[in-house]
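Beneath this line is the structure, given in structure tokens, with notes to follow.
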Amino acid sequence: MAELRRSPLHDRHVALGAKFAEFGGWTMPLQYTSIVAEHKAVRSSVGVFDVSHLGGIRVTGPNARDFVNECLTNDLEKIGPGQAQYTLALTRQGGVVDDIIAYLIADDHVFLVPNAANNNDIYALLQRQAPGALEVSNEHPLYAKIALQGTHSDEILQALGAPYEHAYMHFRGGRIGDADVTVCRTGYTGEKGYELFVGADEAGPVWDAIVAAGEPYGILPCGLGARDTLRTEMGYPLHGHELSIGINPLEAMCGWAVGWDKPEFWGSEAVKEARATGVTRKIRALQAQGRGIPRPDMTVLDAAGAEVGRVTSGTFSPTLRVGIALALLDASITPGQEVVVDIRGRHETFDVKKPPLVQPQVREP
């Protein structure tokens with residue numbers, strides 16, 4: 001078994017008493033105090049996450065934007081330099097290899113952030129198909145990535161002299177202390193927030209500066225446990241759960257991340273055919289009527305007791321204080337209906353809803 005990789009901030013997490021978990025081949029903080037406390041800090045004030053496990057691939061050279069646009073689903077022609085875009089890499093059959101954030105630096109320069117476990121696969125696919133004039137670089141180990149999430153995230157960046165006034169899905173370069181940082185108005189929590197890229201060797205002082213500047217606002221270091229409950233409330237998909245090679249973008253309710261008018265991209269023929277014929281199952285959100293807490297792979301039944309799908313992600317919502325889930329269900333099951341989740345032999349009733357389950361604040365001024 002391969003040794004788990006460690007974040008450049010690992011020693012900071014140990015000093016804070018973090019509990020660790022394996023994620024995508026990395027050992028990362030699961031929680032520091034409690035998942036509920038960390039979740040509430042983000043929803044009400046501000047939290048800081050180490051997300052250095054996320055990947056990093058740089059594509060440079062003539063027409064780099066056009067090349068990436070011919071590979072990934074979303075349309076990079078819809079954004080300009082200094083903007084980011086959510087996109088997908090598909091198999092030839094239309095399944096999702098990974099979801100990725102593309103950062104357009106220039107027509108000849110695109111930086112991609114895949115998920116940790118898929119970084120090398122996406123790198124290999126791009127490198128294999130790139131024309132000779134392009135350079136595809138695997139920069140996964142070179143950067144630490146810090147997510148500052150919550151309504152007071154901009155005050156903290158302002159106090160540090162870093163960029164903070166740019167719009168959602170935009171990014172800017174700046175400095176924190178002696179370190180160069182790229183500050184991206186992105187995140188995975190549904191709150192106003194930023195993700196910072198910083199050289200791995202300079203990450204420690206930047207983390208320390210953020211934590212110190214956040215003390216007046218009650219900042220909490222947050223682990224992957226809170227990141228998961230926050231994203232589930234939003235209905236944000238997680239690779240290996242709502243996204244996989246066995247689930248296409250339409251089933252995952254991610255058709256909005258497909259540039260349908262583009263002539264081609266990986267898997268375009270298959271996913272366009274699926275769009276024309278319709279899909280038989282879709283990801284839906286579930287909210288418990290009672291006290292049941294759903295977990296992944298639990299069976300979902302209709303009112304007559306027939307199986308209509310399975311839970312892909314399930315947890316307790318600290319905001320709603322009930323069990324919630326995302327589930328891949330028969331397409332006939334629509335928001336407004338009720339279903340039953342088999343929770344270890346106990347049948348619990350859930351309302352089917354269209355996500356998000358909590359009002360997002362990502363575009364907060």
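This is a predicted model, so every value here is computed, not measured. All values below were derived from every heavy atom in this structure, side-chain atoms included, with hydrogens, water molecules and symmetry-related copies excluded.
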Could you go through the side chain to side chain donor-acceptor pair (under 3.5 Å) check for Glu364 and Thr151 one step at a time?
-> CA-CA 8 Å; Glu364 176 190 325; Thr151 188; 2.9 Å; yes
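- With sequence neighbours left out, the ring pair (Phe, Tyr, Trp, His ring centres under 6.0 Å) criterion links His10 to Phe20.
- Residues Phe171 and Phe197 place their aromatic rings such that the two centres sit no closer than 6.0 Å.
- Shortest non-hydrogen contact noted between Ala162 and Val183 is CB-CG2, 4.5 Å.
- Under the 4.5 Å side-chain criterion, counting only non-hydrogen atoms from C-beta, Arg227 is not in contact with Cys222.
- Under the side-chain contact (heavy atoms from CB on, under 4.5 Å) rule, Leu286 has a single partner from Ile333, Val339, Ile324, Asp351, which is Val339.
- Closest heavy-atom contact between Val271 and Leu250: O-CD1, 3.9 Å.
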Candidate pair Arg231 and Glu233, rule salt bridge (charged side-chain N to carboxylate O under 4.0 Å, His left out), full reasoning | CA-CA 5 Å; Arg231 70 94 191 170; Glu233 289 183 346; over 6 Å; no
Verify side chain to side chain donor-acceptor pair (under 3.5 Å) between His13 and Tyr32, making sure each step is shown before the conclusion.
-> CA-CA 8 Å; His13 307 319; Tyr32 300 85; 2.8 Å; yes
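- Nearest approach of Pro8 to Ala144, heavy atoms of both residues: CG-CB, 4.1 Å.
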From CA spacing to verdict: side chain to side chain donor-acceptor pair (under 3.5 Å), His239, Asp99 | CA-CA 7 Å; His239 187 270; Asp99 59 337; over 6 Å; no
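- Considering only heavy atoms from C-beta on, Val51 stays 4.5 Å or farther from Ile146 through its side chain.
- Taking all atoms of both residues into account, the shortest heavy-atom contact from Leu148 to Ser153 is CD2-O, 3.6 Å.
- By the 4.5 Å heavy-atom criterion applied to side chains, Tyr143 and Val198 are not counted as neighbours.
- Look at Glu195 and Lys145 and you find no salt bridge, because none of the NZ, NE, NH1 or NH2 atoms lies under 4.0 Å from a carboxylate O.
- Between the side chain of Thr186 and the main chain of Met169, no donor-acceptor pair closer than 3.5 Å is present.
- Side-chain atoms of Asn69 come within 3.5 Å of backbone atoms of Leu76 as a donor-acceptor pair (strictly under, hydrogens ignored).
- Residue His39 forms a side chain to side chain donor-acceptor pair (under 3.5 Å) with just one option from Thr189, Thr315, Thr319, and that option is Thr319.
- Shown here for Leu326 and Gly235, the closest heavy-atom pair between the two residues is CD2-CA, 3.9 Å.
- Gln337 places a side-chain N or O within 3.5 Å of a backbone atom of Thr334 that can act as its donor or acceptor partner.
- Heavy atoms from other residues, nucleotides or ligands lying under 6.0 Å from CZ of Arg291 number 12 at most.
- Under the 3.5 Å distance criterion, the side-chain polar atoms of Glu38 are matched with a main-chain donor or acceptor of Thr33.
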Intermediate values then yes/no, side chain to side chain donor-acceptor pair (under 3.5 Å), Glu242 and Ser313 | CA-CA 8 Å; Glu242 292 72 44; Ser313 296; 2.6 Å; yes
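- One finds no salt bridge joining Lys262 and Glu264 here, because no Lys/Arg side-chain nitrogen approaches an Asp/Glu carboxylate oxygen to under 4.0 Å.
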Under the side-chain contact (heavy atoms from CB on, under 4.5 Å) criterion, do Ile57 and Ser137 qualify, and how do the steps go?
-> CA-CA 6 Å; Ile57 299 169; Ser137 306; over 6 Å; no
Kindly determine whether Leu196 and Leu157 satisfy side-chain contact (heavy atoms from CB on, under 4.5 Å), including the steps that lead there.
-> CA-CA 10 Å; Leu196 287 71; Leu157 291 177; 4.2 Å; yes
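- A donor-acceptor pair under 3.5 Å links the side-chain atoms of Thr73 to the main chain of Ala257, judged by distance alone.
- The stretch residues 250-269 participates, sequence neighbours left out, in these ring pair (Phe, Tyr, Trp, His ring centres under 6.0 Å) pairs: Tyr86-Trp256.
- Within 6.0 Å of CD on Glu269 lie no more than 12 heavy atoms contributed by other residues, nucleotides or ligands.
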Going through the distances and angles, do Val341 and Thr299 end up as a side-chain contact (heavy atoms from CB on, under 4.5 Å)?
-> CA-CA 6 Å; Val341 178; Thr299 302; over 6 Å; no
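- No more than 12 heavy atoms of other residues, nucleotides or ligands lie within 6.0 Å of CD in Glu273, so this atom counts as exposed by the packing criterion.
- Between Arg5 and Glu22 there is no salt bridge, since none of the side-chain N atoms of the basic residue sits less than 4.0 Å from a carboxylate O of the acidic one.
- Within a 6.0 Å sphere centred on CG of Leu320, other residues, nucleotides and ligands contribute more than 12 heavy atoms.
- Smallest separation of non-hydrogen atoms from Leu134 and Gly61: CD2-C, 3.4 Å.
- Formation of a donor-acceptor pair under 3.5 Å by the Asn63 side chain with backbone atoms of Asp66 is not found in this model.
- Asp342 places a side-chain N or O within donor-acceptor distance of the main-chain N or O of Gly345, the cut-off being under 3.5 Å.
- A donor-acceptor pair under 3.5 Å is formed between the side chain of Gln85 and the backbone N or O of Asp75.
- A salt bridge links Arg65 with Asp107; the closest basic N to acidic carboxylate O contact falls under 4.0 Å.
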His347 and Leu301: CA distance, side-chain angles, deciding distance, side-chain contact (heavy atoms from CB on, under 4.5 Å) verdict = CA-CA 9 Å; His347 285 190; Leu301 311 169; 3.5 Å; yes
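- A salt bridge links Glu251 to Arg281: at least one charged side-chain nitrogen sits closer than 4.0 Å to a carboxylate oxygen.
- Counting only distance, with no hydrogens or angles, the side chain of Thr232 and the backbone of Thr229 share no donor-acceptor pair below 3.5 Å.
- Within a 6.0 Å radius of CG in Asp180, more than 12 heavy atoms belonging to other residues, nucleotides or ligands are found.
- Looking only at side-chain heavy atoms (C-beta outward), Val113 and Phe111 come within less than 4.5 Å of each other.
- Annotation: cation-pi pair Arg185/Tyr194 present, NZ/CZ under 6.0 Å from the ring centroid and within 45° of its normal.
- For Arg43 (side chain) and Leu230 (main-chain N/O), a donor-acceptor pair under 3.5 Å exists by modelled atom type.
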